[in-house]
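Below is one structure, written out as structure tokens; comments come after it.
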Amino acid sequence: MHDLNVRQREATQYLDGPLLVLAGAGSGKTRVITRKIAWLVRECGLASRRIAAITFTNKAAREMRERAGELLSKKTANDLQVSTFHALGARILREEASALGYKPRFSIFDAADCTALLADLFKELEKGALRQAQQHISTWKNAMLAPEAAQALAENGTEQRAARIYLAYEASLKAYQAMDFDDLIRLPVQLFMEHPEIREKWQDRLRYLLIDEYQDTNACQYALLQHLTGPRQQFTAVGDDDQSIYGWRGADPENLKRLSQDFPNLKIIKLEQNYRSTTRILEAANRLIAHNEKLFEKKLWSELGHGSPVRVTQHEDHEQEAESVVMRLNAHRLEHRGQWSDYAILYRSNHLARFFESALRNQRIPYVLSGGSSFFDKTEIKDFLAYLRLFANPEDDPAFIRAATTPRRGIGSETLKTLGIYAGERRRSLFHAAGEEGLAQRLSARQHAPLAEFCQFIVRMRARAEQEAAQVVLPDLLTAIEYESYLYAHEEERVAAARWTNLCEFSDWLRQKGETEGKTLVDLVQTIALIQQLDKEETTADAVQLSTLHAAKGLEYRHVFLVGVEEEILPHREAIASGTVEEERRLMYVGITRARQSLFISCARRRKQHRDWVFCAPSRFIAEMGAQPPSSTPLPDKATGQARLNALKAMLAGR
DNA sequence: GCACTTTATGTTTTT
DNA sequence: CATAAAGTGC
């Protein structure tokens, strides 16, 4: 382990009790975690299936498994329990569902499913109120408060109303045998509190825990951690309070402090040497973050030399910003003879990506978009998924409605309304109620026939989905529901073709997953709710990376363009209003520290919002990091810019 | 009663 | 630009 520094090695080998590693950006925390896993397996003889590593995203989990695999044998690495908090919670719940009155094949509702459910339950309420309620519910769930407790604690009218919504929402989820993301953490904690024997079983199963991105855990996740480690207290938490950017999701950097209070024998190791960035970049980051209240004093340093200065530019509007950033990127790459994949364009919110996408497309520069709307959010995927969800969980009424009505098969709103009322009276799921005799009497023959046929179809396919292999059932299902012709009948040809391609890709991915893991379709559905994006094979493609700041956390790039660095964007307007500018500052800090060699910061003077132009001021963060004030770039010259680029190309070609 | 067409509308970040 | 609600034809 000669390539680790003293502190890193100490963190890797420390096993005397709970350990907190305060790891600054780029200080090699992933390396410490993977080395520690290898150490536990090789030197301590711990079976790899008894080691649980918890990451923040699925992508990080995959990477960690891969990197551990480089140190250990493939098979040993495969047995490691590497997952997100949510995936771990889901695994526990599938196994212990009965203890909570759930079936093992419960559905997992994503945020969109939950919003739809709330909208359906409270049709009379407007969107804003529902969003507010949803936010409240999430906060309550993360604080382990049941609806009744929330109702008792509600202080004002809005909270009272939100608590009433919470009550109905919970009842619906339970009726649908469904859970939301918060439940995946909350319910295991509840389970462990109520059933000591189950808690001990899991404590025995997982002997050592490693938690990455600890600053992003919320109270509930912390409780889960405490239950899992139990009296043995064998864990390593790795985190950086300066990179806590998920406060809106209940994450609380105070959790770092709480750790030293709850575990008096907690050992703390700081990693401050940065192996990623040049000094000028680090200094800018340090100066910026000095404006925040600090939990732990920490100063990053590096031995990588000064590097080039941080460049700040201001542009006339958002389109010119995109154009000149792309132009500069292009020129920079030519000059340095680098690769597209050395470059990243990072922004606060997803919608900013659009302008950069079109600028990149105009210049015929390859790019990949990470973050943003996921593959699984696409309508065609959700349509198809509804069938699969219904196979796994017939109580899933939203899945029933979606599958029953897409593509259209003569089941309309009136039929569904009657069915809904009947099912409510009989306290059955829509699917079960639809098969009952009593319903037929309330519907006309014309209404009942398509419904009955649909139910029979589901029963038939469900039996097959449970028994046969995915590669056999999938094509049959796709053919049977005639989705392709449905697409071409309803969409423009190009759109229809694109959607069908997506669906085929998804089906292919499922089939492949089924083959390698030897699972049936019903088994597979259970796991996909937690996956947000398909990990495509073509990660090797040489392309500029476009990403939100949140999605860029944990990654690094040689050259970074931080764009849209303006007041009301970064810091975000809502954050200014709600007094959470410190978190925005950390977000900026995360952005800066992604860069290894060069950092470019840009902002626009005005941008089009909705239909009119708004003026934008450079972000306060630019001054705070001590950068040169924005120099207006000589624009609008598209022509001269292009000419200059061509001259540069010619010069380089001749060299 | 069902399916399709038009019109309004809206954007923080993600498991 | 893409989805969601209201409106119109069959």
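For the numbers below, each heavy atom of this structure counts, side chains included, while hydrogens, waters and symmetry mates do not. Protein chains get the first letters and strands the later ones, always in sequence-line order, with residue 1 at the start of each.
Only A:T84, A:H86, listed by number, bring a heavy atom of residues 80-97 of chain A to less than 4.0 angstrom from any atom of DNA chain B.
Residues passing the side-chain contact (heavy atoms from CB on, under 4.5 Å) test with A:A68 are A:L80, sequence neighbours excluded. For A:E484, the side-chain contact (heavy atoms from CB on, under 4.5 Å) partners two or more places apart in sequence, or in a different chain, are A:Y488, A:W500. With sequence neighbours excluded, the residues forming a side-chain contact (heavy atoms from CB on, under 4.5 Å) with A:S444 are A:R446, A:Q447, listed by chain and number.
Between A:Y486 and A:Y483, the gap from one ring centroid to the other is short of 6.0 Å. Ring to ring, A:F356 and A:F561 are not that close: their centroids are 6.0 angstrom or more apart.
Put simply, A:Y246 does not rest on the base of B:dT14: the two rings are not both less than 5.5 Å apart at their centres and under 30° in tilt. The aromatic ring of A:H550 does not stack onto the base of B:dT13, failing the criterion of a centre distance under 5.5 Å from the six-membered base ring together with planes under 30° apart.
Salt bridge annotation for A:D212-A:K29: present, with a cationic side-chain nitrogen under 4.0 angstrom from a carboxylate oxygen. Using a cut-off of 4.0 Å between Lys/Arg side-chain N and Asp/Glu carboxylate O, A:D180 and A:K141 are scored as salt-bridged. For the pair A:R585 and A:E624, the salt-bridge criterion is met [side-chain N within less than 4.0 Å of a carboxylate O]. Classification of A:R389 and A:D113 as a salt-bridged pair holds, one side-chain N sitting under 4.0 Å from a carboxylate O.
The side chain of A:T548 places no N or O atom within less than 4.0 Å of a non-bridging phosphate oxygen (OP1 or OP2) of B:dT12. Proximity of A:N350 to the phosphate of B:dT13: a side-chain N or O atom is located under 4.0 Å from OP1 or OP2.
Atom CZ of A:R348 and atom P of B:dT12 are 9 Å apart (whole Å). What separates CG of A:L570 from P of B:dT13 is a distance of 13 Å, to the nearest Å.
Remark: A:K174 qualifies as a cation-pi partner of A:Y102 under the 6.0 Å distance and 45° angle criteria applied to the six-membered ring.
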Within the 4.0 Å limit for protein heavy atoms, which parts of nucleotides 1-7 of chain B are touched? Write it as a string from 5' to 3', B for base, S for sugar-phosphate only, - for none. SSSS---
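The environment of A:R258 atom CZ is dense: over 12 non-hydrogen atoms of other residues, nucleotides or ligands sit within 6.0 angstrom.
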Kindly give the atom pairs (protein nitrogen or oxygen, nucleotide nitrogen or oxygen) under 3.5 Å for nucleotides 4-10 of chain C.
none

